[in-house]
Amino acid sequence: MKPSIPSGTRDFGPAEMYRRNRFFDVVREVFSRYGYQPLETPAFEYLATLTGKYGDEGDKLIFKILNSGDFLADAGAEALANRDHKKLLPQICDKALRYDLTVPFARYVVMQQHQLTFPFKRWQIQPVWRADRPQKGRYREFVQCDVDVIGSKSLLYELELLQILSEVFQQLDVGIVIKLNHRKLLAGIAELVGSADKLIDLTVAIDKLDKIGLEKVEAELKEKGFDDAALLRVREVLRLTGDNDQKLAALGRVLAGTASGPTGVAEMAEVLALAQRSGSRLCPIEFDLSLARGLSYYTGAIFEVKVQDPRSTFTSSISGGGRYDDLTGIFGLPDMSGVGVSFGADRICDVLAEIAGAGAETKTATRVLVVNFGAAELDYALRIVRTVRQAGVAADLYPEAAKLKKQFGYADALGIPYVAIAGGDEIAAGQVTVKNLKTGEQQKVALADVAATVR
RNA sequence: GUGGCUGUAGCUCAGUUGGUCAGAGCACCAGGUUGUGGUCCUGGGGGUCGCGGGUUCAAAUCCCGUCAGCCACCCCA
């Protein structure tokens, strides 16, 4: 058979792995420096743990795991006969691959609530799976890097997440903008137009504003049953202009009479104020009413990161998150507010690759390749590799006494910067000829100095 | 789940109205050069033209089906 892998999954060769590891090193370091603790949870959970948390669309995208053995044993005759897949599903499948890291985290917090000290801060870097149709920047298996803090309503954590987002992307040297919005503002708008119960429809439509334009958003809202008076007010709100504070102030006046609006305005203002007086060098923050985010569990601030870098053409979001007030409630632990963001490792690495361009790909960490001349020189060659490796420098010995052309070509192909040559003359003198493959320069150095020369 | 585009060598692709259309570049291997690579020269290996069926004297080329990939919508990291 012709070997292949399912679409939306990928192998990562050495060049990609160097890039990915650099990224993971950065996020891990930042996460732990901000006081977050590591956590891992299983790749699969009970299906019931996952369903109902991500909205109807999300539930469809959960990868289900067929029960082992005779999975039809427990299948109801009725569901089978009627080909009723919705009814049949829970009868033949009780496990599923995790869809994100936030819900398993909430499950963990509830299970371990008596062992944990709150506020509990954790980071988690693991793959998640979605039964989506892949396309550019969209995979069916991808790695999320989550930081969440649970058990505190303090808006200082919103600030902290803005700081973490900023630090990570600054260290990676990727230009971004952090979009910020608040679910209670959206709820206030829904209230204002008299459709508090259609919050989801409203936010989904508003979310498309910068993509399809105001007119099409209004058309979609009309289709969903919003009347002309409502559309007028939506338009009024979406047309607010000015800087973050001006937009927020204007919105405050519009939403003054609503139940949830003022809270949203106040919290939003607080977060923006904290960001200003934090003293941190933050990435640009843009208060954006059209940011909705589909995940149904968000209740407060919502974040999203977009690339804003002349070297990149990436348009989809590379990080996202928000505050959720009751994610643990469904597992039996109410009043546990949490907030977190997730870095989309795969998309970010795509951006890094795009920025780095085709050249300068690292293929190996090896600094020096020791030439193999054959049996007579082998002992000395082995001594060179051993000495260099013991000095903490990556070294390799060519396995056969092949032609130098071939050995040099190997070093060249892998991007190993130095070649070490030691024949009779060098051995007699206790020296090694070290050649820099990039410049072509070569020099004889003492065996003990090889590591320092190629480091 | 809906729609569009594309499948020819390891990779990127060319292949005219069906008739030397099985090709190029890169990559790979060998030699030129048994202690000096990345340049250059010479030679070489490698393809059921995604798969199945049909039309035709003749199909990579036209038709039908199918599978796969990509892109967009939906949704999302």
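These numbers come from the heavy atoms of this one structure, side chains and all, not from hydrogens, waters or symmetry mates. Residue numbering restarts at 1 for every chain, and letters A, B, ... go by the order of the sequence lines.
- For Lys406(A), counting side-chain heavy atoms from C-beta on, the closest listed nucleotide (A30(B), A77(B), C40(B)) is A30(B).
- Between the side-chain ring of Phe408(A) and the base of G38(B), no stacking contact exists by the 5.5 Å and 30° definition.
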In residues 447-455 of chain A, what donor-acceptor pairs under 3.5 Å come from side-chain atoms, sequence neighbours left out?
unit_1    : atom_1 : unit_2    : atom_2 : d
Thr453(A) : OG1    : Asp449(A) : O      : 2.7

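- Taking atom P on both G54(B) and C21(B), the two are 27 Å apart, rounded to the nearest angstrom.
- Contact annotation for Ile318(A): backbone-only contact, meaning every heavy-atom pair under 4.0 Å involves sugar-phosphate atoms and none involves a base.
- Looking at heavy-atom distances under 4.0 Å, Gly58(A) makes no contact with the nucleic acid at all.
- Look at C74(B): it lacks any Watson-Crick or wobble partner with both distances under 3.5 angstrom.
- A cation-pi arrangement, defined by a distance under 6.0 Å to the six-membered ring centre and an angle within 45 degrees of its axis, is present between Arg122(A) and Phe105(A).
- Ionic pairing of Arg19(A) and Asp350(A) is not present here: no N-O contact between side-chain nitrogen and carboxylate oxygen is shorter than 4.0 angstrom.
- Nucleotide G7(B) forms a pair with C67(B), judged by Watson-Crick or G-U wobble geometry with both contacts under 3.5 Å.
- In this structure, Arg133(A) places its CZ atom 12 Å from P of G4(B), rounding to the nearest Å.
- Considering only side-chain atoms of Gln135(A), the nucleotide from C71(B), A30(B), C75(B) that sits closest is C71(B).
- In this structure, Arg20(A) forms a cation-pi arrangement with Phe12(A), its terminal cationic atom sitting closer than 6.0 Å to the ring centre and no more than 45° off the ring axis.
- The side chain of Ser317(A) sits closest to A77(B) out of A77(B), G3(B), G35(B).
- Counting distance only, with no hydrogens placed and no angle test, the side-chain atoms of Lys435(A) and the base atoms of U36(B) include a donor-acceptor pair under 3.5 Å.
- Asp412(A) contributes no side-chain N or O that forms a donor-acceptor pair with the base of G38(B) under 3.5 Å.
- Taking 3.5 Å as the limit, the base of G35(B) and the side chain of Glu426(A) contain a donor-acceptor pair of atoms between them.
- Separation of the P atoms belonging to C40(B) and G45(B) is 22 Å when rounded to the nearest angstrom.
- Taking only side-chain atoms of Lys403(A), from C-beta outward, the nucleotide of C29(B), A77(B), U34(B) with the closest atom is U34(B).
- Listed by residue number, Gly320(A) are the residues of residues 320-329 of chain A with a heavy-atom contact under 4.0 Å to RNA chain B.
- A gap of 8 Å separates the C1' atoms of A22(B) and C49(B), to the nearest Å.
- Nucleotides C63(B) and U56(B) are separated by 12 Å at their C1' atoms, to the nearest Å.
- Evaluation of the side chain to side chain contact (heavy atoms under 4.5 Å, CB included) rule for Glu267(A) yields Leu155(A), His182(A), Thr263(A) as partners, not counting sequence neighbours.
- Tyr99(A) carries Arg130(A) over the face of its six-membered ring, with the cationic atom under 6.0 Å from the centre and within 45° of the normal.
- Residue side chain Arg347(A) reaches the base of C76(B) through a donor-acceptor N/O pair under 3.5 Å, judged by distance alone.
- The pair Arg10(A)-Asp346(A) meets the salt-bridge criterion, since a charged nitrogen lies less than 4.0 angstrom from a carboxylate oxygen.
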When you look at Phe343(A) and Phe31(A), which way does the ring pair (Phe, Tyr, Trp, His ring centres under 6.0 Å) test go after all the steps? CA-CA 11 Å; Phe343(A) 291 79; Phe31(A) 289 171; 5.8 Å; yes

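- One atom, NZ of Lys136(A), and another, P of G69(B), lie 17 Å apart when rounded to the nearest Å.
- Of all nucleotides listed (A77(B), A72(B), G37(B)), G37(B) comes nearest to the side chain of Leu437(A).
- Of the P atoms belonging to G19(B) and C26(B), the separation is 28 Å, rounded to the nearest Å.
- In this entry the distance linking CZ of Arg10(A) with C1' of G69(B) reads 15 Å, nearest Å.
- Among the protein residues, Gln407(A) comes within range of no part of the nucleic acid, since none of its heavy atoms lies under 4.0 Å from any strand.
- Within 4.0 Å (heavy atoms only), Gly424(A) reaches at least one base atom of the nucleic acid.
- Here the C1' atom of nucleotide C75(B) and the NZ atom of Lys60(A) are 10 Å apart, to the nearest Å.
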Check against side chain to side chain donor-acceptor pair (under 3.5 Å), Gln163(A) and Ser280(A): CA-CA 7 Å; Gln163(A) 291 170 322; Ser280(A) 298; 2.7 Å; yes

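- Counting to the nearest Å, the P atom of G37(B) and the OH atom of Tyr418(A) are 19 Å from each other.
- Among the nucleotides C76(B), G31(B), C71(B), the one closest to any side-chain atom of Arg138(A) is C76(B).
- Remark: C1' of G1(B) and CG of Asp56(A) are 14 Å apart, rounded to the nearest angstrom.
- Tyr398(A) has its OH atom 15 Å from the P atom of G35(B), to the nearest Å.
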